[in-house]
Amino acid sequence: MPRAPGTISSVAASGTEQIRGRSMGFLARTSVGELKGVGPKSVEALEEMGISTVLDLICHYPRRYLDRTQQASLANMVPGEQAVVLASVRRTSSRPLRGRRRLVEVDVHDGTGWLRCTFFNQPWRERQLSEGTQVALFGKLELYQGRRQMTNPVVDLVGDRTRRIVAVYPSSEKAGVATWEIASWVDEALRRAGPLADPLPSEWRSRLGLADRTSAFRGIHVPESLREKEVARRRLAFDELLRLQIVLVMRKRLLEYRSEGISHRLCRAGAPDGSGGSDSSLLDELITELPFKLTQAQLTAIEEVCADMASEHPMHRLLQGDVGAGKTVVALAGLLVAVQSGHQGLLMAPTEVLAEQHYFGLRSLLAKMTVQDTGRIEARRPVRVELLTNRTSRGRRDRLSEQLRTGEVDILVGTHALLGQDVRLASAGLVVIDEQHRFGVEQRAVLRDQGRIGTGKTPDLLVMTATPIPRTAAMTVYGDLDVSVLGELPQGRVPVTTKWVREPSSETAVWEKVRSEIAAGRRAYIVCPLIEGSDRMEARAVVAEHKRLQEGPLAGVALALLHGQMPSREKEAVMTAFRDGDVGALVTTTVIEVGVDIAEATVMVVEDAGRFGLAQLHQLRGRVGRSGLPSWCYLLDWSASEDGVRRLEALERTTDGFALAEVDLEIRGEGTVLGTRQQGRNDLRLASLRKDQELVLAARRVAEDLVGRDSTLHAHPLLADELRLFIDEEDEAFLFKS
Ligand code: ADP
Ligand code: MG
């Protein structure tokens, strides 16, 4: 930092306004060592805490705040009470205990009374808490031999500060940096920096009621009141979210505008004059063919997909809809649009069972549909759908590859096998990924890349998920996608009745229900306990449970086994028998967790249910209640953990996937939702996706406004510079150098 006071760097225009003050870039180039009072030792210690520049330092936010006017006074505290006490050290001593341990005793006084603090096995306390040191102590007041005392309290060296609000920083005893030192360095840094440049246009600032950046940094570090701190937090949290959203919006725009897509025709190509004739489109035919009426949500989603596919930019869309909302038909509509305009479609599902189901479903719906035969005007041929999984034979696979390359196959349905090198298409028009959360982002890329082979253009992409993550989290995790939501279930669905069965004695009633439903022509799933990490052991457990049920509670019922270790052919045979009703109940693992769609299934029994995740249980429950028939879900568990209880109770309370997602977020925390995306400097330190939903939405709006159509941030150089400081190299290369 320059020594001369008053040298304020001014930064060029952003938008219409002139912004003066220090930029983040400047602070990031200034070492903490340049601050008064930060010697080489402290520089080293700070380094250990990940702080090397002034920017790092001022982004090292307080862990909590002490309001001195609200502190407990020793005179008024009663034994058993837990509180923070601000006091000064009057006497420190130490003595050895048995077994080479040491006891440090510290007497403090806060102006109203005395307190003794005892520290076991923390010898450094003697040096740390010398006479005259100002400390904040957090602990439980005890009475020991008539003396008021705290054992191993949490200690913060707050220093002799006169402010009403004292900020307490994450500090490091090991590295020898105390919270009061950090506070004084931050204070010095902010004072020396003077006004900070604010990249957020003032119109947005006032529209959103956000503080300016200079006062936000002061307010988070040295607030006059807790209310001021909150105002500051709101602004700085917004900045974190804005940076994140700008990256996502930029990435999205680049994908859309820098790569060439296919403009699909929404009407069928008719006569050679291009008049289109009076032929209806394949999409119209599909709608006539369906045994039900589409919901409004489905119609809207189909419209959105069609509009994207017709545009010259590649589609990059997420279809989010709760279990059973009817996502498949939206995908189908897209696939038919691709086919009728002379391209091919890929549909990838995470399990063999699901891929097969899609394949058979498509075959029967498309049975009567035809497409124009390439090269032969007037000639038509049936739409051709094929299936590719890992068990497709070598010979068949080779033939399929050939037919894909020549364009004879219109739609290819499959599992991960679709990612294979030999899957190359004549002209990939649309890639659909079902249950996207089961795949990685890389796989999305592989499919699309392969799809390019054929036309040199980027195929459209539709990913589908039932993972009901809250909207604001979705905006962050899937922020580079457009989102269509199926927010309603088809009409006539009866909510599944969910019951947590807490005692073995109630089990009989469950099996009776299974029996009576099967007798009435329905089906049941019985999902066996989760065994982590071993498919073999899991299979064995399923076999054992099948035997127990068959010989005991479900004797005489047509039961069948289904687990991942069975040969594919056998699995397929079991599913067919179950679909046809020859098998009444499946004793199974989570292989049936996603996607499986059998209308007559009305009972789901999950054993040891508390051990499954909330999203997983919601998916499992989604296997029933897929028609107008009343359905039941029984969650068996007599020894659920604390979190297990919360999950089971939540499931009993609601069938709304989004409400459950909120609960899940609460139980598991945010890190797990964001995955690895949130790491490094740009992690959310102050912002919370759960608590700051309104700010997430605002950040998205602002990001969309600021990132021009050309996605260069030309109009906002300050913001662009700042962004580079916070994003990782990979993002930077993609966003700024391409
Ligand atoms: P998911 O969104 O879970 O993938 P599916 O696409 O498998 O749901 O649809 C669930 C079931 O609902 C299927 O049997 C499907 O045929 C049926 N379905 C889809 N749309 C409708 C609708 N509009 N009306 C009635 N049933 C529908
Ligand atoms: Mg599905």
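For ligands, and for the atoms within them, numbers begin at 1 and follow the listed sequence.
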Distances for all N or O pairs of ligand 1 and the protein under 3.5 Å?
{"residue": "ligand 1", "atom": "2 (O)", "partner": "Ala325", "partner atom": "N", "Å": "3.4"}
{"residue": "ligand 1", "atom": "2 (O)", "partner": "Gly326", "partner atom": "N", "Å": "3.0"}
{"residue": "ligand 1", "atom": "2 (O)", "partner": "Lys327", "partner atom": "N", "Å": "2.9"}
{"residue": "ligand 1", "atom": "2 (O)", "partner": "Lys327", "partner atom": "NZ", "Å": "2.7"}
{"residue": "ligand 1", "atom": "3 (O)", "partner": "Gly324", "partner atom": "N", "Å": "2.6"}
{"residue": "ligand 1", "atom": "6 (O)", "partner": "Lys327", "partner atom": "N", "Å": "3.2"}
{"residue": "ligand 1", "atom": "6 (O)", "partner": "Thr328", "partner atom": "N", "Å": "3.0"}
{"residue": "ligand 1", "atom": "6 (O)", "partner": "Thr328", "partner atom": "OG1", "Å": "2.6"}
{"residue": "ligand 1", "atom": "7 (O)", "partner": "Arg626", "partner atom": "NH2", "Å": "2.8"}
{"residue": "ligand 1", "atom": "8 (O)", "partner": "Gly326", "partner atom": "N", "Å": "3.2"}
{"residue": "ligand 1", "atom": "8 (O)", "partner": "Arg626", "partner atom": "NH2", "Å": "3.4"}
{"residue": "ligand 1", "atom": "12 (O)", "partner": "Arg493", "partner atom": "NH2", "Å": "2.7"}
{"residue": "ligand 1", "atom": "14 (O)", "partner": "Asp597", "partner atom": "OD1", "Å": "3.1"}
{"residue": "ligand 1", "atom": "14 (O)", "partner": "Asp597", "partner atom": "OD2", "Å": "2.6"}
{"residue": "ligand 1", "atom": "20 (N)", "partner": "Gln298", "partner atom": "NE2", "Å": "2.9"}
{"residue": "ligand 1", "atom": "23 (N)", "partner": "Lys293", "partner atom": "O", "Å": "2.8"}
{"residue": "ligand 1", "atom": "23 (N)", "partner": "Gln298", "partner atom": "OE1", "Å": "2.9"}

Any donor-acceptor N/O pair, [X] side chain to [Y] backbone, under 3.5 Å:
| X | Y | value |
| --- | --- | --- |
| Arg523 | Glu600 | no |
| Asp608 | Asp637 | no |
| Gln344 | Asp410 | no |

Centre of Trp511's six-membered ring, under 6.0 Å away, within 45 degrees of the axis: is that where NZ or CZ of Arg515 sits? no
Lys499 to Trp632, cation-pi by 6.0 Å centre distance and 45° axis angle: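 No; the conditions do not both hold, so Lys499 does not lie above the ring face of Trp632.
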Using 0.5 Å steps for rounding, measure from the CD atom of Glu356 to the OG1 atom of Thr415. 9.5 Å
